[in-house]
Amino acid sequence: MVKDAKIIDISYDYAPIIKMDPTLFINRVKYQSIHDIERYGKYLVFILDTDAMIMHMRMEGKFYIKKINDHVSSHEHVIFSFSDGRQMRYHDVRKFGTIHLLDKNSYKNQYPINGLGKEPKDLDPLDFYQLIHHRKTAIKNVLLNQHIISGLGNIYVDETLFLSGIHPKRLANKITKKEASKLVTSAREVLDKAIALGGSTIRSYTSSLGVHGRFQNELNVHTKFGEPCPKCQNTIVKMKVGGRTSYVCESCQK
DNA sequence: AGATGGACCCGTACGC
DNA sequence: TGCGTACGGGTCCATC
């Protein structure tokens, strides 16, 4: 529980994660308290006294709460020390995560939060159709575009497309209203189930508590190259779509 | 407007 | 055993 924790110091060993001058960042965050934590798509937002600290943890970033004397892992890149002796440590093997600091009164209107699309659970299926029906790119690119619909990554897009019976290379402007609706409801289903099972541990992802997810056991197509489709037994194929590895049952997905 | 490819990073899984 | 290399994840950016 970090709510109401007061940050009295910050250290880092890898500056590029902090998307501003690190000294400025430290001076601004120091002595502010964490009042709330919000989430927008894949971004986590710590609401402080006057600022909003906006985190993106990419694929495997996570926060650990430890004691000040606990061993510091070489993958812990930003350490927030609290007044109560605990530390909140940002752990990121790939160093891909980002931290932005913005005024808490206006961060929603600024990059990186301002351009985000709605999440599947908040997106009206007909609105989704309106957003995509003029787009000439592959439907998979649309589903991965956080400015159109937020919250889906590569794994969950593959699963959403499978449940919808739609091929990742289908052009967005060829998607019918009925199919657009199916995509939104499938995306909700995929995310709800993945969240309930603690996410997908495919490479090295674990939760902040080091717990492995279990959704990888429920995957229908993603990573299933060469295996039979759970619906029709056709062999699942692997291909690139928009530069991203994609797994498809070409018998079920048209 | 859209597609493409590179950049960022490094543990893992390979091939030799 | 040890080395080299490809890969992938999310996002931005330059270029076509």
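Residue numbering restarts at 1 for every chain, and letters A, B, ... go by the order of the sequence lines. All heavy atoms count here, side chains included; hydrogens, waters and symmetry mates do not.
Among the atoms of the strands shown, none is found under 4.0 Å from any heavy atom of A:Lys19. Among the protein residues, A:Ala172 comes within range of no part of the nucleic acid, since none of its heavy atoms lies under 4.0 Å from any strand. Within the 4.0 angstrom heavy-atom criterion, only backbone atoms of the sugar-phosphate kind lie near A:Gly153; the bases stay farther away.
The shortest side-chain heavy-atom distance between A:Glu179 and A:Arg170 falls under the 4.5 Å cut-off.
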Run the numbers on A:Ile99 and A:Met53 for side chain to side chain contact (heavy atoms under 4.5 Å, CB included), then give the verdict. CA-CA 7 Å; A:Ile99 304 178; A:Met53 186 169 72; 3.6 Å; yes
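Considering only side-chain N and O atoms, A:Arg94 lies nowhere under 4.0 angstrom from the phosphate OP1 or OP2 of B:dC8. When the side-chain nitrogen and oxygen atoms of A:Lys95 are compared with OP1 and OP2 of B:dC8, none of them lie within a distance under 4.0 Å.
The distance from atom NZ of A:Lys140 to atom C1' of B:dG2 is 18 Å, rounded to the nearest whole Å. Between the NE2 atom of A:His75 and the C1' atom of B:dC10 there is a distance of 8 Å, given to the nearest Å. One atom, NE2 of A:His133, and another, C1' of B:dG2, lie 17 Å apart when rounded to the nearest Å. The separation between A:Arg135 atom CZ and B:dA1 atom P is 9 Å, rounded to whole Å. Atom P of nucleotide C:dG10 and atom CG of A:Asn145 are separated by 13 Å, given to the nearest angstrom. Summarising the geometry, the separation between CD1 on A:Ile148 and C1' on C:dG10 is reported as 15 Å, rounded to the nearest angstrom. Taking atom CD1 of residue A:Ile139 and atom P of nucleotide B:dA3, one finds them 12 Å apart after rounding to whole Å. Remark: P of C:dG10 and CD1 of A:Ile17 are 17 Å apart, rounded to the nearest angstrom.
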Where along nucleotides 11-16 of chain C does protein come under 4.0 Å, by heavy atom, of base (B) or sugar-phosphate alone (S), with - for untouched nucleotides? SS----
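Comparing atom distances between the A:Lys238 side chain and each of B:dA3, C:dG9, C:dG8 picks out C:dG8 as nearest. Comparing B:dA3, C:dG9, B:dG11 by their closest approach to the side chain of A:Thr137 singles out B:dA3.
Partners of A:Asn173 according to the side-chain contact (heavy atoms from CB on, under 4.5 Å) rule, which considers only residues two or more places apart in sequence or in another chain, are A:Lys136, A:Leu171.
Listed by first then second residue, pairs satisfying ring-ring contact (aromatic ring centres under 6.0 Å, His included) with a partner in residues 83-105 of chain A read A:Phe63-A:Tyr90, A:Tyr64-A:His91, A:His75-A:His91, A:His100-A:Tyr111, not counting sequence neighbours. Residue pairs meeting the ring-ring contact (aromatic ring centres under 6.0 Å, His included) criterion with at least one member in residues 152-187 of chain A, sequence neighbours excluded, are A:Tyr156-A:Phe215.
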Donor-acceptor contacts under 3.5 Å from residues 189-197 of chain A side chains, at least two apart:
{"residue": "A:Lys193", "atom": "NZ", "partner": "A:Glu218", "partner atom": "OE1", "Å": "3.2"}

With a cut-off of 3.5 Å and sequence neighbours excluded, list every side-chain donor-acceptor pair involving residues 227-238 of chain A.
none

